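One structure is given below, encoded as structure tokens.
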Amino acid sequence: MTSVNKETPLVEVRNLKQYFPVRTGFIKTVPLKAVDDVSFSIMEGETLGLVGESGCGKTTVGRTLLQLYKPTGGQVLYRGEEITPGDSLNRFRKKAQIVFQDPYSSLNPRMTVGDIIAEPLDVHKLYKTKKEREERIQSLMELVGLSSEQSTRYAHEFSGGQRQRIGIARALASKPEFIVCDEPVSALDVSIQAQVINMLEDLQKRLGLTYLFIAHDLSVVKHISNRIAVMYLGHLIELASSVELHRDPLHPYTQSLLSAVPIPDPEKARKANRIVLGGEVPSPLNVPSGCPFRTRCKLAQDICKNQRPELKEWKPGHFVACHLA
Amino acid sequence: MSNIDKSKAAQAGQAEAVPILEVKDLCTSFFTPSGEVKAVNKASFNLNAGTVLGIVGESGSGKSVTAYSIMQILTPPGKIVSGSIKFKGQELVGISDEKMRLIRGNKISMIFQDPMTSLNPTFTIGNQLMEAILLHTDRNKEEAFKHAVEMLRLVGINDPEKRMKQYTFELSGGMRQRIMIAMALACEPDILIADEPTTALDVTIQAQILELMTSLQKKMGMAIIMITHDLGVIASLCDEVIVMYAGRIAERGTADEIFYRPRHEYTKGLLKSIPSIDDDEKEPLSPIGGTPVDMLNLPKGCPFSPRCDNAMKICLTELAEEVQINDDPHLAACWMNVKNGKPEISEDGSVKRIWINEESGL
């Protein structure tokens with residue numbers, strides 16, 4: 001693991017809100033609260049894992065953080081400086097990059113791999129001569145374990161794992177410090193996942209990168225992350241170091257999420273005491289009052305219905321939003 | 001057959017080790033413009049009544065095509081080239097469409113990965129559920145409706161009468177998969193084939209569906225073929241496991257044998273490459289190198305050899321025969337076993353069984 005600088009957060013998110021208008025009638029729209037009042041910070045050199053079920057807003061957090069969506073409310077701070085449209089956003093875009101989930105739809109099929117990788121260089125004008133551009137492409141391809149001779153090929157000529165490497169090379173082109181990895185391995189085969197995860201860890205060590213690692217696969221997130229944040233229906237409900245979160249999950253949702261992961265070991269699977277959650281995630285258009293999880297929570301009481309639990313520090317470094325933790 | 005299988009079979013009220021489905025040397029190919037893709041290549045296995053058989057492998061390893069071959073739902077350019085599939089002694093390869101229709105959806109049924117695309121959006125849930133019941137049983141419409149409602153209740157859907165009138169888009173992914181299961185089980189099949197039934201679902205919903213399948217299997221006693229790439233799902237559900245690679249069965253045996261004593265280099269690599277949720281140490285993962293095989297250009301010899309760390313000369317030129325490792329029965333097609341074990345040669349000169357020296361710590 002790389003050394004984590006505990007002093008200054010590299011990225012800080014304060015009360016981030018992202019609402020999408022959803023049409024319910026001819027003119028009437030209601031806000032879909034994809035992300036509602038989420039705050040966290042990521043230290044330099046750290047990997048923060050972000051987990052949750054589909055529709056919980058984890059991808060939206062990543063994209064809003066990078067200002068790919070204009071936040072409805074809240075602030076994003078990079079090295080203590082607030083990101084606002086204009087100069088600071090342009091500088092931020094160079095330093096913060098993203099790797100997308102689907103390596104098939106995130107690469108332009110009409111561009112050569114070299115052009116795909118060099119696009120951030122073109123956009124930010126990061127080279128002086130054509131030769132310099134070529135050299136950058138070559139070194140980036142070698143960095144992610146691709147042969148530099150393949151730069152004139154097209155994306156469809158590569159396998160899923162190799163395409164994800166191309167996506168990573170593109171993200172690294174502008175020499176970023178911070179990368180949002182949005183489910184980078186979930187579209188890949190099991191045997192290829194480990195290759196990409198190892199590469200991401202290796203790149204982090206070599207280039208001193210900071211990651212926000214979004215995924216729904218808890219074992220992968222646990223492996224790669226220093227700390228893990230759990231989201232449910234647009235809210236951050238628990239945040240702790242990855243070991244702590246697995247050893248002592250405090251939120252009932254985190255507990256059931258962890259116990260729902262199928263263990264690849266028949267003996268342990270037979271003994272496993274699963275907490276199977278009843279019901280399903282409510283619609284984000286209609287978030288329950290109070291605690292968003294109360295409709296599926298076995299411990300729910302009156303207070304959960306009336307009052308939204310705040311994210312509080314229960315143990316040093318272990319934050320939970322639950323009245324009953 | 002292991003003890004677990006026996007107890008399960010006994011629970012289900014079945015006689016011991018009755019192969020309900022026998023697949024022998026199944027070869028299924030796709031004849032594409034760029035050449036023949038041998039999607040399933042000489043696969044042989046048995047499915048015993050009342051047991052759960054898992055088929056695990058990467059995309060393109062032939063696990064779904066095996067299921068499609070059993071169900072006889074391959075579409076051109078896919079075709080069963082040779083081999084036999086016997087269901088309760090009846091040959092399914094080359095069977096007439098009329099006869100297959102009596103089996104499909106009735107005796108053998110299937111649930112698919114994506115519940116959104118495998119349900120018809122223009123019919124109500126009730127309509128689709130009752131179709132199979134009306135087709136395969138003597139029930140009249142009223143009885144079929146009652147049975148369908150009962151099935152919905154069985155798979156844990158609340159307010160089933162109301163759901164019967166709804167369309168698929170009104171339901172969530174987990175609900176749709178429950179509908180698929182209800183539909184597949186409506187005629188009380190002997191075999192349920194589940195093709196990645198939980199891959200499209202969230203973990204907490206996956207846990208619900210897996211629990212439902214386990215409890216229904218105990219209740220109804222059908223055999224299940226569980227196709228997945230998730231070793232966790234295999235471990236928590238299956239009695240026996242088949243590991244497929246590049247259209248071939250690399251290894252098969254009881255779940256315990258496969259997970260604790262893997263005998264094929266691919267299985268070993270696969271087990272090593274997955275991060276464990278229990279492990280607190282941050283060690284780098286040990287991935288399998290290389291890229292998945294190109295099915296149009298299979299390597300000579302063992303298809304896994306280009307990615308195998310322990311590949312020997314013979315692996316590059318000759319295909320390893322499937323040999324028996326122990327009586328459980330555990331079979332693997334890997335030359336490493338031949339190298340490290342003592343082969344027992346049968347009368348016709350072929351290898352009958354490999355005796356592994358357990359102390360060698362292989």
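Lettering of chains follows the sequences in order, A, B, ..., and the numbering in each one begins at 1. None of the values given here were measured: they were computed from a predicted structure.
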For the candidates [options], which exhibits the highest count of non-hydrogen atom pairs separated by less than 4.5 Å from chain B?
options: A:Val196, A:Leu218, A:Leu277, A:Asn198; answer: A:Asn198
options: A:Ile197, A:Ile263, A:Leu258; answer: A:Ile263
options: A:Leu257, A:Asp265, A:Val281; answer: A:Asp265
options: A:Glu267, A:His216, A:Arg296; answer: A:Glu267

Polar side-chain atom of [X] near backbone of [Y] as donor-acceptor pair, under 3.5 Å:
X: A:Thr210; Y: A:Gly45; value: yes
X: A:Glu46; Y: A:Met43; value: yes
X: A:Ser242; Y: A:Ser225; value: yes

Which bit of [X] is near chain A, if near means a heavy-atom gap under 4.5 Å: side chain, backbone, both or neither?
X: B:Gln208; answer: both
X: B:Ile234; answer: neither
X: B:Glu58; answer: both
X: B:Asn158; answer: neither

What residue in [options] has the most heavy-atom pairs under 4.5 Å with chain A?
options: B:Ser236, B:Pro287, B:Ser59; value: B:Pro287
options: B:Val203, B:Leu231, B:Thr204; value: B:Thr204
options: B:Gly289, B:Ser286, B:Cys238; value: B:Gly289
options: B:Gly173, B:Gly290, B:Gly60, B:Gly156; value: B:Gly290

### Task
For B:Glu196, enumerate each residue passing the side-chain hydrogen bond (donor to acceptor under 3.5 Å, both in side chains) test, keeping only those at least two apart in sequence or located in another chain.
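Partners of B:Glu196 by the side-chain hydrogen bond (donor to acceptor under 3.5 Å, both in side chains) criterion, ordered by chain and then number, come out as B:Thr199, B:His229.
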### Query
Relative to chain B, which segment of A:Ser159 carries a heavy atom at a distance below 4.5 Å: side chain, backbone, both, or neither?
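The answer is the side chain of A:Ser159.
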#### Entry: Heavy-atom contact with chain B under 4.5 Å, split by part of A:Val190
both
### Task
Please find out if less than 6.0 Å separates the ring center of A:His251 from that of A:Phe293.
yes
#### Entry: A:Glu53 bridged to A:Lys58 by N-O distance under 4.0 Å
no
### Task
Inspect the contact between A:Arg270 and B:Asp256 and indicate whether a charged nitrogen and a carboxylate oxygen are less than 4.0 angstrom apart.
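Between A:Arg270 and B:Asp256 there is a salt bridge, with a charged N closer than 4.0 Å to a carboxylate O.
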### Message
Hydrogens and angles aside, do A:Gln193 and B:Ser273 bring a side-chain donor and acceptor to less than 3.5 Å of each other?
### Response
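The answer is no; no qualifying pair exists.
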### Query
In chain order, what residues pass the salt bridge (Lys or Arg N to Asp or Glu O under 4.0 Å) check against A:Glu142, with sequence neighbours excluded?
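Residues passing salt bridge (Lys or Arg N to Asp or Glu O under 4.0 Å) with A:Glu142: none at all.
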